[in-house]
Amino acid sequence: MSTTSTIAKGLDGIVAAETEMSYIDGINGILEYVGIRIGDLSSNSTFEETVFLLWNRRLPNASELSAFVNELRAAYALPEGMVERIGQLPKDALPMHVLRTLVSELALSDPNPNDNNTKAAQAKAVRILGCAPALVACFDRHRRGLEFVAPDPQRSFASNFLYMLNGSDPTETMVRAFDICMILHADHGLNNSTFAARVIISTLSDVYSALTGAIGSLRGPLHGGANEGVMHMLNEIPSVDDVESYIMGKIQRKEKIMGFGHRIYKAKDPRATDLQSLARKLAEDTGNADLYEKSSRIEQIMERELAHRGIYPNVDFYSATTYFCIGLKLDLFTPMFALSRLGGWSGHIIEQLSDNRLFRPKAQYVGPHDVPYTPMDNR
Ligand code: SDX
């Protein structure tokens, strides 16, 4: 018979891995990538440099950065036949399902999909991160009945994505805003999707399987899918004057307010602070000031009602307004999170492989014992 042990539901408070990538102080609202404050990175870095930092645990010098950027740009192109394949997908498919399916499918055009040595795993990470934006953009254009716009290897990760999506030159402001979003979402400790990736690779499976699982995890509304939930909420509230009754109604019905609360942060998520400034500026510039005002009013009410319980805005709250102002369709918000997090997931996969032990926790059995087998006719 089993013995009873304490169960950490949701693995709350359990330390299950070591990482050198990101550090979170949830009480004081601090996030660092390899020791550098997130605000410093969002002000000064680029997504490409941030991924180098996460993967190599140090900032690159100029030639290292340029070599990494070139490697990533060389991976922008989709494998042969992929554009036609995307053209066969149902137009009403959801982009997160599409991204999950296609990242899995990339394994089929890799001659050695199961090679997990560090060099091979990193090459796969570059390959997937490099072409994932084209997967999303190509599908979005397909469903809008538009021709695929081939990636432009002269462009940065952020610029190339917006260019492929819209088929036109993005403005510098939009490129920088998108790049900042990519930096802010790149890594975040052992969040659910990163844990999923590490659990999968811990069987010595393969990078494609681990990333596919991570994308599946991210799309849930309690995780990365919350940014779409925030936008639905903002759309449901007719005007700033309606925010108070809408939010109070939700609180009274004990409904979760999307974009608030966090397992680790009991203070405002520092990424939300950065995204708030970005959202305010973009909202003013694009004639969406009302969207920002609604968001800011929601934050004030939540502060008044739930801050004493440690419930503050998380990364998904102001990213909704930011993505909307960049011109992204609602169901592309979570794929944007995924594009960035591919950097973090890949780093964690390589970190896990470098010191692997199979994840295999226990379940406390709570069912009956010694039950006789009942023949079919007697049930
Ligand atoms: C991300 O882990 C990461 O690092 C994730 C992430 C990353 O970068 O990878 O930061 C990205 O996933 C951000 C989180 C996005 N999700 C949401 O915005 C969905 C809304 N928030 C939640 O449902 C919730 O806060 C979670 C899922 C984020 C955290 O869940 P926990 O830690 O399991 O907490 P809980 O659901 O058990 O809540 C504890 C209490 C409950 O009240 P009681 O039952 O104790 O009375 O806090 C309340 C909850 O009802 N609560 C909320 C709330 N979040 C928690 N009440 C109202 N609105 C909320 N948003």
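Everything numeric in this text was worked out from a predicted model, so none of it was measured. We count ligands from 1, going down the list as the structure has it; atoms in each ligand are counted the same way.
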Worksheet item: Lys250 near ligand 1, heavy-atom distance under 4.0 Å?
Response: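 Lys250 does not count as a contact of ligand 1 under the 4.0 Å cut-off.
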
Discussion item. Yes or no: does Gly259 have any heavy atom under 4.0 Å from an atom of ligand 1?
Written reply: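 Per 4.0 Å heavy-atom rule, Gly259 contacts ligand 1.
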
Worksheet item: Within a distance of under 4.0 Å, is there any protein heavy atom near atom 47 (O) of ligand 1?
Response: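 Flag for atom 47 (O) of ligand 1 set to true, protein heavy atom closer than 4.0 Å.
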
Fill in: Exercise check, heavy-atom protein proximity under 4.0 Å to atom 7 (C) of ligand 1
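Yes.
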
Worksheet item: Does the separation of the ring centres of Phe317 and Phe260 fall below 6.0 angstrom?
Response: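 Between Phe317 and Phe260, the centre distance is under 6.0 Å.
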
Discussion item. With a 6.0 Å cut-off on the ring centroids, do Tyr265 and His188 count as close?
Written reply: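 Yes, the ring of Tyr265 comes within the 6.0 Å limit of the ring of His188, centre to centre.
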
Discussion item. More than 12 heavy atoms of other residues, nucleotides or ligands under 6.0 Å from CZ of Phe324: yes or no?
Written reply: no

Discussion item. With a sphere of 6.0 Å drawn around CZ of Arg37, does it hold more than 12 non-hydrogen atoms of other residues, nucleotides or ligands?
Written reply: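 Counting neighbours around CZ of Arg37, 12 or fewer heavy atoms of other residues, nucleotides or ligands fall under 6.0 Å, so no.
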
Using 0.5 Å steps for rounding, measure from the [atom1] atom of [X] to the [atom2] atom of [Y].
X	Y	atom1	atom2	result
Cys138	Arg143	SG	CZ	12.0 Å
Ser156	Glu48	OG	CD	5.5 Å
Asp12	Lys9	CG	NZ	11.0 Å
Ile38	Leu184	CD1	CG	5.0 Å

Could you tell me the residue and atom name of the protein heavy atom closest to [atom], and the distance to it rounded to 0.1 Å?
atom	answer
atom 27 (C) of ligand 1	Leu222 O, 3.8 Å
atom 4 (O) of ligand 1	His188 ND1, 2.6 Å
atom 34 (O) of ligand 1	Arg263 NE, 4.8 Å
atom 40 (C) of ligand 1	Arg309 NH2, 3.9 Å
atom 28 (C) of ligand 1	Gly261 O, 3.6 Å
atom 11 (C) of ligand 1	His223 ND1, 3.7 Å
atom 14 (C) of ligand 1	Asn314 ND2, 3.5 Å

Worksheet item: At their closest point, which heavy atom of Ala226 faces which heavy atom of Asp316, and how far apart are they?
Response: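 Shortest heavy-atom contact: CB-OD2, 3.6 Å.
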
Residue part near ligand 1, for [X], under 4.0 Å between non-hydrogen atoms:
X	value
Asp316	side chain
Pro221	backbone
Asn191	both
Lys254	neither
Ile311	side chain
Arg341	side chain

From [atom], work out which of [options] has a heavy atom at the shortest distance.
atom	options	answer
atom 20 (C) of ligand 1	Tyr265, Tyr312, Phe260	Phe260
atom 3 (C) of ligand 1	Met302, His262, Met258	His262
atom 17 (C) of ligand 1	Ala226, Gly26, Gly229	Ala226

Test your reading of the structure: does [X] have an N or O sitting under 3.5 Å from an N or O of ligand 1?
X	value
Ile257	yes
Asn192	no
Lys256	yes
Glu255	no
Leu306	no

Worksheet item: Within 45° of the six-membered ring axis of Tyr163 and under 6.0 Å from that ring's centre, is NZ or CZ of Arg155 located there?
Response: yes

Worksheet item: Which word best sums up how the rings of His369 and Tyr365 line up, parallel for under 30°, tilted for 30 to 60°, or perpendicular for over 60°?
Response: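 Judged by the thresholds at 30° and 60°, the geometry between His369 and Tyr365 is perpendicular.
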
Worksheet item: Between Asp274 and Arg271, is the closest basic N to carboxylate O distance under 4.0 Å?
Response: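 No salt bridge links Arg271 with Asp274.
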
Worksheet entry | Side-chain heavy atoms of Glu32 within contact of Ser22, under 4.5 Å | no

Discussion item. Less than 4.5 Å apart, side chain to side chain, heavy atoms only: is that true for Asp110 and Asp206?
Written reply: no

Worksheet item: Can Tyr208 and Glu105 be said to form a side chain to side chain donor-acceptor pair (under 3.5 Å), step by step?
Response: CA-CA 8 Å; Tyr208 298 95; Glu105 210 162 303; over 6 Å; no

